[in-house]
Protein chains: 2
Amino acid sequence: MAGQPLSTVDRVLELVDLFNRDMQLSFERDGLTQARAHLLWALRGGPLTQRALADALAVTPRNVTGLVDGLVAAGHVVREPHPSDRRAVLVTPTPAGAALLDTMVAGYGELEEVLLGAFSARQVRDLHRALGVMNERLRRRIEEEWG
Amino acid sequence: MAGQPLSTVDRVLELVDLFNRDMQLSFERDGLTQARAHLLWALRGGPLTQRALADALAVTPRNVTGLVDGLVAAGHVVREPHPSDRRAVLVTPTPAGAALLDTMVAGYGELEEVLLGAFSARQVRDLHRALGVMNERLRRRIEEEWG
DNA sequence: TATTGTTATACTCTATAACTATA
DNA sequence: TATAGTTATAGAGTATAACAATA
């Protein structure tokens, strides 16, 4: 293992690991677990019902109940009645939660800077395209192999 | 959000998501959870003590005990006495576990094929280098920001 | 009837702390 | 004393199944 040159996929895997580590550390600093941060992130476009959150997070409704409970207890979100469907609740960030979302968005921009800082515009464009192609292939492979 | 062009970091994040999804599906097909697959993967270079596994997986020794228990019950690994240290155990793949490792290695090669298939040698080289630079920066950022 | 969210229950992964057997 | 691994205990995330309220 040691001393062997890394394959390109190794480097992608390494990037995945580093990403996860960095993000988890960020979330912990903000008092969020990864799962709760993920849910909060899903609200950056506006309030969602728990059902919509379950779909967005690819997780069961029961699971969303627990995550929202935690975020409510921490003061990051509130449950509000849905205006037209009395079965549903809308999960909405509190001001504190919205501020946290802002810092997440900012950290996101900073990450872009860190990762792409010293590349030329052309290199960034090529990388952007290559990543798009890889994503598309991986998506197709998942579709074909796992339905 | 919808319709907006994806930034390069968005594409990296998307790749991370797809990777995790694909791998988790593979592991489930092989009867492995993600954590157990990770441990088994760490054994691809040969047997390790549980202490070494705890370090490799960045996890507590107690946790390794549980994961090894599960893999032993499933017949993927065995605990063997360490030849020179009677406190330690060596975790070794069974033939079944080794076969599983082989399929993991093969799937890895296939992934390389899927992801890089239609790129030119030069494009792959550029991508390889870019990923190396990004990894290095992310590693440094983590080091600086989180110690 | 179908859907939204909850209660009940269980399993996996993770952590800390106390302990045993060895080094 | 220090290290390898286990037992004890606890908490978070996840799932399925049964249920109530509403559509």
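What you see is a predicted model, and the numbers here were worked out from it, not measured in a lab. Order of the sequence lines fixes the chain letters, A, B, ..., with proteins taken first and strands second; residue numbering starts at 1 for each chain.
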Stretch residues 31-43 of chain B: residues that reach within less than 4.0 Å of DNA chain C through a heavy atom: B/T33, B/A35, B/R36
Taking only N and O in the side chain of B/T65, is any of them less than 4.0 Å away from OP1 or OP2 of D/dG5? no
With nearest nucleotide decided by heavy atoms, which residue, B/L90 or A/A58, maps closer to the 5′ end of DNA chain D? B/L90
Check nucleotides 16-23 of chain D for protein N or O atoms closer than 3.5 Å to its own N or O atoms and list the pairs.
residue	atom	partner	partner atom	Å
D/dA23	OP1	A/R86	N	2.8

Which pairs of donor and acceptor atoms, one on a side chain in residues 24-41 of chain A, lie under 3.5 Å apart (sequence neighbours left out)?
residue	atom	partner	partner atom	Å
A/S26	OG	A/D22	O	3.2
A/T33	OG1	A/R36	N	3.3

Quick one: label B/V59 by what it contacts on the DNA or RNA (base, sugar-phosphate, nothing), any heavy atom closer than 4.0 Å. sugar-phosphate
Base, sugar-phosphate, or nothing for B/V89, non-hydrogen atoms under 4.0 angstrom? sugar-phosphate
Value rounded to 0.5 Å, distance of CG in B/N20 from CZ in A/F19: 11.5 Å
Looking at CG of A/L111 and CE of A/M23, how far apart are the two atoms once the value is rounded to the nearest 0.5 Å? 6.0 Å
ring-ring contact (aromatic ring centres under 6.0 Å, His included) contacts touching residues 65-93 of chain B (sequence neighbours left out): none
Under 3.5 Å, which donor-acceptor pairs link side chains of residues 55-62 of chain A to any protein atom two or more places apart or in another chain?
residue	atom	partner	partner atom	Å
A/D55	OD1	A/R51	NH2	2.9
A/T60	OG1	A/N63	N	3.4

For DNA chain C, note the earliest and the latest nucleotide, 5' to 3', having some atom under 4.0 Å of a heavy atom belonging to chain B. C/dT12 to C/dA23
